[in-house]
Structures are given as C-alpha cells and as structure tokens.
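What follows is a set of notes on a single structure, which appears directly below.
Nothing fancy with the numbering, it's 1 onward along the sequence. First listed ligand is number 1; within each ligand, the first listed atom is number 1.
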Amino acid sequence: MQGLAPSSKLSLSVVVVLFLLGLASAAAHGRKRIVSSSSDEPCTKMTLYLHDILYDVVNNTANATSAEATKPTALSKSTFFGELVVFDDPVTERNALPVGKEVPAARGQGFYFYDKKESFNAWFGLSLVFNSTTHRGIINLMGADIMSQKTRDISVVGGTGDFFMTRGIATLQLDANEGTAYFRLKMDIKLYECYV
Ligand SMILES: *[C@@H]1O[C@H](CO)[C@@H](O)[C@H](O)[C@H]1NC(C)=O
Ligand SMILES: *[C@@H]1O[C@H](CO)[C@@H](O)[C@H](O)[C@H]1NC(C)=O
Ligand SMILES: *[C@@H]1O[C@H](CO)[C@@H](O)[C@H](O)[C@H]1NC(C)=O
C-alpha cells in the first residue's frame, strides 16, 4: 500500500492540531457577547431598591448601614459640600426593607459625596454585590447624581461573575425618605452589553 506523501501528512497533522486548538478555544470562551442594537432593547433589565439607613449619631448603630466619613467643608452653605458617606446597604427586588434575617437580593457597597456649594448635588460610586442562588457577581455603577432632576442616569461601567464585562445605564429615583435618617432609591438598570 502506498503511504501518504510527506506534504499530505504534514497538512493532515496541521488540520488535526488546528481542530484541537479550536476545541480548546471554544471551551475557554464559553460566554457569548451580546450587544443590544437599540436603546429600547437592553439585553438584561432589572429594578432594584437601595435602602440607605444613615447613622444618626444617637442610637441606631445596630440598624444603620451608612455613615458620614467626612464632615462638610468650609465651602458648604448648608449643602454638605465635601461630605462623604460610605455605605453597605441592603438592596431588594421589592421596595420593603428586609425583615429579620431575610437575605437581601444584593448589597450596595460604595460611597456618595456632596459636590455643589450652592445646592444639593452628589456623586455616586457603588458596586451591587450579588451572592445568592439567583445571581453571583458584581455590577459596578458610577456617575453624577444630579439631585435637582427627578430621575437621573448613571453609568454601568462593568461587572464580574454573572455580569462579566457588562455595560449599561441605571436610572435612579428617590422612592421614599424619612428625614435624613433613611432614603430608598429605585434603580432601573438596563444592560446593553451582556455575556451569556
Ligand atoms: C433613638 O433616637 C431617636 C431619635 O432621637 C428616637 O426617636 C428613638 O426613640 C430612639 N430609640 C431608642 C430605642 O432609644
Ligand atoms: C457568598 O455566599 C456563600 C454561601 O452562602 C458564602 O459562603 C460566601 O462567604 C459568600 N460570599 C460573600 C462575598 O459574601
Ligand atoms: C431601621 O431603620 C429603618 C429605616 O429608618 C426603620 O424603618 C426601622 O424601623 C429600623 N429598625 C430598627 C430595629 O431600628
């Protein structure tokens, strides 16, 4: 029997190697990138509520999830200019605060600071940390929180885990507040780039 010519043997082994490399890269790149082609059609959307319970400097140490880390600066005209607040807030799918030992949908971990001399205005940076059977991963959000606007958009700049490399927009709206001790923020999150 006549064997394959050396050149055919070479090309056959090249094909086999390429095939094996192909299999390896398919296994290494399990997620497929989906980019929305229209602002009306995000690849994922969700509504979540952030509960910010501010430390009242009196008696709510056990209950508070948020505290001022710096005092307002001398430039503040009762506008808190320069005050920074750090939080580790419960985040829920419905607007009620978690009851007892109920595990919230996520934690909202980050900070906001007041950045306008003449009026209230803030800048927000936070991670939504999901660690449940539904979602495991992080969505990172940041941007100017223009408090004079009823709703304001901040950027979803990235993510990890179930939200690997995501991007999008979060629309924030004050949903409730109790003086300076508590506020609830409604966050409508639309992701336009998803890896699934
Ligand atoms: C905690 O402080 C608030 C505000 O001063 C007050 O209304 C509330 O009754 C206090 N609660 C307790 C348990 O002392
Ligand atoms: C996530 O949940 C698991 C299981 O409930 C727990 O062991 C782990 O410490 C949690 N991780 C974080 C970052 O909370
Ligand atoms: C915790 O704070 C929230 C928001 O102010 C309040 O509704 C709730 O009653 C507080 N819980 C306790 C145990 O103080």
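Proximity of Ile53 to ligand 3 is established by a heavy-atom distance of less than 4.0 Å.
Nearest protein neighbour of atom 4 (C) of ligand 3, counting heavy atoms only, is Tyr182 CD1, 3.6 Å. Here the heavy atom of the protein found nearest to atom 10 (C) of ligand 3 is Asn63 ND2, 2.4 Å. Considering only non-hydrogen protein atoms, atom 9 (O) of ligand 2 sits nearest to Asn131 ND2, 4.7 Å.
Thr79 and Lys116 get closest at one heavy-atom pair: OG1-O, 3.2 Å.
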Please test Asp88 against Thr65 for side-chain hydrogen bond (donor to acceptor under 3.5 Å, both in side chains), starting from the C-alpha separation and ending with a verdict. CA-CA 5 Å; Asp88 175 15; Thr65 59; over 6 Å; no
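Under 4.0 angstrom from ligand 3, the non-hydrogen atoms of Glu178 all belong to its side chain.
Inside a 4.0 Å radius of atom 2 (O) of ligand 2 there is at least one protein heavy atom.
Between the choices Leu97, Asp56, Asn177, Leu54, the shortest heavy-atom distance to atom 7 (O) of ligand 3 belongs to Leu97.
Of the residues listed (Val91, Ile139, Asp162, Ile138), the one engaging Phe130 in a side-chain contact (heavy atoms from CB on, under 4.5 Å) is Ile139, and it is the only one. Exactly one of Lys186, His51, Met187 qualifies for a side-chain contact (heavy atoms from CB on, under 4.5 Å) with Asp175. That residue is Lys186.
Taking the side chain as every heavy atom from C-beta outward, Val85 and Glu68 approach each other to under 4.5 Å.
In terms of hydrophobic clustering, with Ile, Leu, Val, Met, Phe, Trp and Tyr side chains grouped at heavy-atom distances under 4.5 Å, Phe120 and Ile146 are assigned to different clusters.
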